[in-house]
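Everything below concerns the one structure shown next.
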Amino acid sequence: MTIEFTPQGVCSRQMIIEVEDGVVVDMKVIGGCNGNLQGISSLVKGMKVDEVIKRLEGLQCGGKGTSCPDQLAQALKQAQ
C-alpha cells in the first residue's frame with residue numbers, strides 16, 4: 001500500500017510511505033530537513049507500523065506542537 005500524506009505544521013510538504021504486511025518498506029519526504037528526514041526514512045524501513053507510531057507519535061519540533069516524525073506517525077495511524 002502506498003500512503004501519500006500532506007503533513008501539517010512542519011517544513012516537509014509531502015510524505016510517500018510504502019507499507020507491506022504491516023511493515024514500512026520505503027519512505028520518501030519532499031521538503032523539510034533533508035539529512036534528518038533521510039535518517040528517519042532509513043531508520044523506519046523494515047519496522048512494523050505499530051512500532052513506528054509508538055516511537056514517533058507526540059515528538060515536537062521547535063514548539064510547533066508536532067514534528068516530521070510525529071506527522072509520519074499520524075499518516076500511518078490514518079492509514080490503519
Side-chain angles (χ1 to χ4, degrees):
M1 158 177 49
T2 300
I3 302 164
E4 294 189 24
F5 182 77
T6 303
Q8 302 295 314
V10 295
C11 300
S12 59
R13 296 185 309 275
Q14 185 177 32
M15 295 180 176
I16 303 164
I17 310 145
E18 292 287 332
V19 175
E20 291 179 14
D21 298 321
V23 174
V24 176
V25 294
D26 196 22
M27 178 184 150
K28 293 181 180 67
V29 181
I30 298 167
C33 303
N34 190 41
N36 289 335
L37 293 168
Q38 284 182 42
I40 292 166
S41 296
S42 181
L43 290 170
V44 301
K45 285 180 189 173
M47 191 180 288
K48 291 183 183 250
V49 167
D50 290 338
E51 185 66 19
V52 175
I53 293 168
K54 178 180 157 189
R55 291 180 183 220
L56 301 182
E57 186 173 32
L59 295 177
Q60 294 189 23
C61 177
K64 295 178 183 178
T66 189
S67 64
C68 290
D70 178 60
Q71 289 295 294
L72 170 58
Q74 299 311 312
L76 294 170
K77 281 179 71 171
Q78 284 183 16
Q80 285 185 316

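Small disclaimer: the values here were computed from a predicted structure and weren't measured. Side chains are part of it too, since the values below use all heavy atoms of this structure and drop only hydrogens, waters and symmetry mates.
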The test is side-chain contact (heavy atoms from CB on, under 4.5 Å); show your working for Asp70 and Glu57 and say whether it passes. CA-CA 5 Å; Asp70 178 60; Glu57 186 173 32; 3.9 Å; yes
Let me confirm one number: the [atom1]-[atom2] distance from [X] to [Y], rounded to the nearest 0.5 Å.
X: Lys77; Y: Phe5; atom1: NZ; atom2: CZ; result: 11.0 Å
X: Asn36; Y: Cys61; atom1: CG; atom2: SG; result: 8.5 Å
X: Met15; Y: Gln74; atom1: CE; atom2: CD; result: 10.0 Å

Which residue pairs pass the side-chain hydrogen bond (donor to acceptor under 3.5 Å, both in side chains) test with at least one member in residues 39-48, sequence neighbours excluded? Asp26-Lys45
Least distance between heavy atoms, Val10 atom then Pro7 atom: CG2-CB, 3.5 Å
Return the minimal non-hydrogen interatomic distance between Gly9 and Thr66, and the atom names on each side.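 Nearest heavy atoms, Gly9 then Thr66: O-CG2, 3.9 Å.
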How about CD on Glu20, more than 12 heavy atoms from neighbouring residues, nucleotides or ligands closer than 6.0 Å, or not?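 No, the 6.0 Å shell around CD holds no more than 12 heavy atoms from other groups.
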Please tell me if the side chains of [X] and [Y] come closer than 4.5 Å, counting only heavy atoms from C-beta onward.
X: Lys64; Y: Cys11; value: yes
X: Val44; Y: Leu56; value: yes
X: Leu37; Y: Cys68; value: yes
X: Ile3; Y: Met1; value: yes

Which residues satisfy the side chain to side chain donor-acceptor pair (under 3.5 Å) test with Gln8, sequence neighbours excluded?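 Residues passing side chain to side chain donor-acceptor pair (under 3.5 Å) with Gln8: none at all.
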Going by side chain to side chain donor-acceptor pair (under 3.5 Å), name the residues that satisfy it together with Glu51, two or more places apart in sequence or in a different chain.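 Glu51 satisfies side chain to side chain donor-acceptor pair (under 3.5 Å) with Arg55 only.
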Do Leu72 and Leu59 sit in the same hydrophobic cluster, where Ile, Leu, Val, Met, Phe, Trp and Tyr count as joined when their side-chain heavy atoms come under 4.5 Å apart? yes
Single-linkage hydrophobic cluster Ile40~Met47, side-chain heavy atoms < 4.5 angstrom: yes
Checking Thr2 against Glu18: is there a side-chain donor and acceptor pair closer than 3.5 Å? yes
I'd like to know whether Ile53 forms a side-chain contact (heavy atoms from CB on, under 4.5 Å) with Gln80, so could you lay out the CA-CA distance, the side-chain angles of the two residues, the decisive distance to 0.1 Å, and finally the verdict. CA-CA 11 Å; Ile53 293 168; Gln80 285 185 316; 3.8 Å; yes
